[in-house]
Amino acid sequence: MNKIKHKTNIFFLKTPFPKINFDRYFIFELFFALIYFTNIILASISNYTTPILIVKTISSSTLAFTFFFLQKHIYKHELQFSRITRSRFSLILLTLFTVSFVSLLIGNCNLLGLQKFYLITVQLIPIIIITKLSLLTWNEQRTYAFIYSVLLIGFTASVIAIVLKPFNPFVAYHFSLNRWSHVVFGRFLVIPTVLSLFLLYKSISTKTTIVNYFMVLLFCFTLISSGFRAGAAAIYLFLILCLIYNSLNQKSKFLNPKSLLLITLIIGLPLLILLFQPTNFVNRISSLEQIAVGSSIEDGSITSRITAYKTAWLGGWGKPLLGHGLGTFQFANGELTRSLKYPHNIFLEFFYEMGLIGLIFFILLLLLIFNSIKKYGFWLISLYCIFLWLSLFSKDIPSNVLLFTGLAFIDFSKQNFSSYLLRARLKTILYKAPKRYLI
């Protein structure tokens, strides 16, 4: 039993880059992982045009179909939904749906509110459920499939971004194929960046250490080049935390080889900013200084955000209990809020549109999530903190999908994980199937 339990840890890796047996099981796992992260990227787009809503619907449906096909026809498993329907997890999702629906009614079912509720129902909640089921049916091949898919998407997107230079953080974003959203791009890119740092920390050989180091360097360079300031700040702070964590968890001296590599990244990131994005980042720092001394702010972007924050905070107290209703922030302050559509801060969005009841519900969700993931240690907690940090500056409730996927860890324990794998192994014997293929 202890042997099985040891192998069930999602973050347990024998080697950072194992030799993969490309049988149909791993190929389907890799396909599922690619569909999953494609869905995550598409869900992060906060565009409410009809074509985007259709694409998101198709993507969410494809993800669900792929997962159930994988479990039913590849692994020959019957999913036990009773484990989910009788748990706090289902109650929380039902409450999220109910709070959103009541808020929609309060907002008189305005068009944006209907669109947001639609995405909560057909995009956000399904991703959370699929993430939950994926954890309950996790296996070693899925671990490596997710690792390879994240690195593959991150590396490919980074190379294309370096060649095409599709970002312009100084001009308001409008969706097009040759103009990428630096926010959507940067939000996803933090995942392969943190993963590469994790693999760097886990690396045993010099070769894999160097490979992971240059992967981190590539992702950091691309993140800075995109102009995504919140993401760059989050990764920089995370690098400092990694240095402290690595130093405290090493038996060797403080300046061990991995710590030295982290120090070069910590020193190198500000240099990359000065070389490739000086105006973008320096202007924001100057704006923060202007705020601190009370002088006029020259940065129009930060001025609009501060105005939106004040509008959401002060306007929220007009209807403090239940809020103004889903999608109503657009009507709060004339042309500015019509253009912004939401406050670009998830706490203020919950407060303005769903009131104190919605805000308290959201805070309780975060507390439950952190309580559920704390057992997995530094790396997962840090990654989730980055998602929370990013939600303070951009996107709305449906597009903050990375934040809400943490709900999948509620009522999820290593004991349940081990129990599931034990039953699966017994089922393997009954079906006389090759052991390495089954969960």
Please determine if E349 and K116 form a salt bridge, counting it only when a charged side-chain N lies under 4.0 Å from a carboxylate O. yes

Less than 4.5 Å apart, side chain to side chain, heavy atoms only: is that true for K374 and N371? yes

Report yes or no: do N212 and S196 form a side-chain donor-acceptor pair below 3.5 Å? no

Exercise: identify the closest heavy-atom pair between L96 and L124: CD2-CD2, 4.5 Å

Nearest heavy-atom pair of V184 and S44: which atoms, and what distance? CG2-O, 3.5 Å

Would Q141 and L30 count as a side-chain contact (heavy atoms from CB on, under 4.5 Å) here? Give the steps. CA-CA 9 Å; Q141 286 193 337; L30 186 61; over 6 Å; no

Considering non-hydrogen atoms only, spot the tightest contact between A161 and W180 and give its length. CB-CZ3, 4.0 Å

Are F350 and I346 close enough, and set up right, to give a side-chain contact (heavy atoms from CB on, under 4.5 Å), and what steps lead you there? CA-CA 6 Å; F350 265 99; I346 196 165; 3.9 Å; yes

Rounded to the nearest 0.5 Å, how far apart are CE of M215 and CG of L199? 9.0 Å

Give, for atom OH of Y342 and atom CG of N400, the distance between the pair rounded to the nearest 0.5 Å. 9.0 Å

So, do F351 and F362 have ring centers that fall under 6.0 Å from each other? no

Would you call the rings of F387 and Y384 parallel, tilted or perpendicular, where under 30° means parallel and over 60° means perpendicular? perpendicular

For the residue pair N39 / S59, report whether a side-chain donor-acceptor contact shorter than 3.5 Å exists. yes

L368 side chain reached by F409 side chain, heavy atoms, under 4.5 Å: no

So for atom CZ, which belongs to F393, do other residues, nucleotides or ligands contribute more than 12 heavy atoms lying within a distance under 6.0 Å? yes

dist L63:CG -> T38:OG1 (nearest 0.5 Å) comes out at 9.5 Å

So, the side chain of S60 versus the backbone of T57: is there a donor-acceptor pair under 3.5 Å, distance only? no

Less than 3.5 Å apart, any donor N or O on the side chain of E29 or Y148 sitting next to an acceptor on the other? no

Can you see whether T131 engages Y36 through a side-chain donor-acceptor pair at a distance of less than 3.5 angstrom? yes

Using the six-membered ring of F89, assess whether NZ or CZ of K132 lies under 6.0 Å from its centre and within 45 degrees of the ring axis. yes

So for atom CZ, which belongs to F69, do other residues, nucleotides or ligands contribute more than 12 heavy atoms lying within a distance under 6.0 Å? yes

Ring centres under 6.0 Å, that's the criterion: do F185 and F228 meet it? no

Within this structure, what is the CG-CD1 distance for the pair L237 and I386, rounded to the nearest 0.5 Å? 9.0 Å

No-hydrogen, no-angle side-chain donor-acceptor test under 3.5 Å, S46 and D396: no

Donor-acceptor check, side chain of R142 to backbone of T137, threshold 3.5 angstrom: yes or no? yes

Would you check if the distance from the ring center of F97 to the ring center of F117 is below 6.0 Å? yes

Show your reasoning for whether side-chain contact (heavy atoms from CB on, under 4.5 Å) applies to I74 and Y25. CA-CA 7 Å; I74 304 300; Y25 296 90; 3.6 Å; yes

Distance in Å, I369 CD1 paired with I92 CD1, rounded so as to fall on 0.5 Å steps: 8.0 Å

CA sep, side-chain torsions, deciding dist, call: T208, S205, side chain to side chain donor-acceptor pair (under 3.5 Å): CA-CA 6 Å; T208 54; S205 68; 2.9 Å; yes

Nearest atoms (heavy-atom pairs only) where F67 meets S134: CE1-OG, 3.7 Å

Ignoring hydrogens and angles, state whether a donor on the side chain of T311 or Y352 is under 3.5 Å from an acceptor on the partner side chain. no

Measuring only between side-chain heavy atoms, which start at C-beta, is F347 closer than 4.5 Å to P343? no

Give a yes or no answer on whether the side chain of R88 reaches the backbone of I410 with a donor-acceptor pair at less than 3.5 Å. no

Heavy atoms only: give me the nearest F370-C385 pair and the separation to one decimal. CE2-SG, 3.7 Å

When you look at CZ of F378, are more than 12 heavy atoms from neighbouring residues, nucleotides or ligands closer to it than 6.0 Å? yes

Please walk me through it: do T121 and Y118 pass side-chain contact (heavy atoms from CB on, under 4.5 Å)? CA-CA 5 Å; T121 305; Y118 176 78; 5.9 Å; no

Side-chain touch S158/F219, heavy atoms, less than 4.5 angstrom: yes

Going by heavy atoms in the side chains, are P257 and T209 under 4.5 Å from each other? no

4.5 Å side-chain heavy-atom contact, Y213 and V216: no

Can you tell me if Q71 uses its side chain to pair, donor with acceptor, with the backbone of K76 under 3.5 Å? no

State, with a plain yes or no, whether a side-chain heavy atom of I27 is found less than 4.5 Å away from one of F32. no

Is the distance between the ring centroids of F146 and F37 under 6.0 Å? yes

Sidechain-backbone polar pair: S103 side chain, V99 backbone, donor-acceptor under 3.5 Å: no

In Å and rounded to the nearest 0.5 Å, what is the OG1 to CG distance from T193 to L239? 9.0 Å

Flag, side chain of S90 to backbone of S87, donor-acceptor distance under 3.5 Å: no

Taking S399 for the side chain and K395 for the main chain, is one N or O donor matched with an acceptor at less than 3.5 Å? no

Would you find a donor on one side and an acceptor on the other, under 3.5 Å apart, between the side chain of R187 and the backbone of S394? yes

If you look at every heavy atom in A234 and W389, which pair is closest and at what distance? CB-CD1, 3.6 Å

Taking the ring centre of each residue, are Y201 and W379 less than 6.0 Å apart? yes

Do L53 and Q115 touch side chain to side chain, with heavy atoms closer than 4.5 Å? yes

